[in-house]
Amino acid sequence: MTTGYYPSLTGGQFIILQSLEPVGIPTKFKILPEYLKDLGYATHGLGKWHLGFCHPDYLPQNRGFDSWSGFWNGAGDHYMHHVAAIRGDNDTFDTIGFDYFKNEELDYSSLGKSTSQLIADHAQEILYKHVVKNTQENNYNTSNPFFMYAAFQDGHAPLQVEEEFTDLYPNEEDLIRKKYLGMVSRLDAAVGRIVDYLESITYTVTEDGQTRSMLEDTIIIFSSDNGGQSNLYLYEGGSNLPLRGSKESFVRRMIH
């Protein structure tokens, strides 16, 4: 999505980036936030990066983002934010690393908070700063727009979620799927917080003098990176019905 190219044209057609693999999306490719910066947008990234961090040139802030808050790998513990790094004997991981950053600094204040909560919290911080920066006497300069990229981890494994969300599904007997559904609801709640905050921000547009909410002047695009993990390798509560297959189905066919 960030490059606009098929993965087969960027070197990403094989297995996903591993924790210590020294690769990433080649820097010869200009990605979405860089294009938007050229158009005058303030650009902010939240959540999952997973496009490489083997060299400073691959980091989010050097690829078009004014700010970044999130993790550099593909997934991790939703609360402690650690990720397996080095695989040892018997297919176990001997080393784990902490993976949650604000810009290029480790953000230990994230410990104990779910990734979705952190994304919603930091989205509100960014919106507040953006509005304050561009507001004088409640007048908003619409010539200084913003782009926010929020890549949530819910409902990616490991399945971890608070009971308040699994309690929404009292009739679900499949405990794995119940956790997965709870994580999707946690994602919905976080997105709802961001939408509500956008709606609560009102201002007078300098060009026409009308009072509007920021939600009215914001385009929200939802996208998913793959189907549910429903049956291959490890079941994680997903379902793709009425479609066939599972997450990694295409990769499996390529390998075999």
Practice task
Kindly determine whether Tyr149 and His44 satisfy side chain to side chain contact (heavy atoms under 4.5 Å, CB included), including the steps that lead there.
Solution key: CA-CA 6 Å; Tyr149 173 70; His44 305 281; over 6 Å; no
Exercise for the section: Please lay out, stage by stage, how Met214 and Tyr203 fare under the test side chain to side chain contact (heavy atoms under 4.5 Å, CB included). Expected result: CA-CA 8 Å; Met214 184 163 280; Tyr203 50 85; 3.9 Å; yes
Exercise for the section: Decide side chain to side chain contact (heavy atoms under 4.5 Å, CB included) for Phe53 and Asn73; before the verdict, give the C-alpha distance in whole Å, the side-chain angles of both, and the deciding distance to 0.1 Å. Expected result: CA-CA 9 Å; Phe53 57 92; Asn73 284 276; 3.7 Å; yes
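In this structure, Tyr128 has its ring center at least 6.0 angstrom away from the ring center of Tyr197. Aromatic pair Phe101/Trp72: centroids less than 6.0 angstrom apart.
One side chain, Ser185 or Tyr169, offers a donor N or O that lies under 3.5 Å from an acceptor on the other. Side chain to side chain, His78 and Ser114 fail the donor-acceptor criterion of an N or O pair below 3.5 Å. When only modelled atom types and interatomic distance are considered, Ser116 and Asp154 share a side-chain donor-acceptor pair under 3.5 Å.
Nearest heavy-atom pair, Lys247 versus Asn240, reported as atom, atom and distance to 0.1 Å: N-ND2, 4.5 Å. Residues Glu104 and Asn62 come closest through the heavy atom pair OE2-ND2, 4.0 Å.
Leu118 has its side chain within reach of His81: a pair of non-hydrogen atoms, C-beta onward, lies under 4.5 Å apart. Looking at Met80 and Leu111, their side chains come closer than 4.5 Å, going by heavy atoms from C-beta outward.
Electrostatic pairing of Lys30 and Asp38 counts as a salt bridge here, judged by a charged N lying under 4.0 Å from a carboxylate O.
Phe29 and Tyr5 have perpendicular rings, their planes meeting at more than 60° on a 0 to 90° scale where under 30° would count as parallel. Aromatic ring pairs are classed by plane angle as parallel below 30°, tilted from 30° to 60° and perpendicular above 60°; the pair Phe65 and Trp49 is perpendicular.
Residue-environment remark: OH (Tyr79) exceeds the threshold of 12 foreign heavy atoms within 6.0 Å.
Ile126 and Leu215 fall within the same hydrophobic cluster, where Ile, Leu, Val, Met, Phe, Trp and Tyr residues are linked whenever their side-chain heavy atoms come under 4.5 Å apart, directly or through other members.
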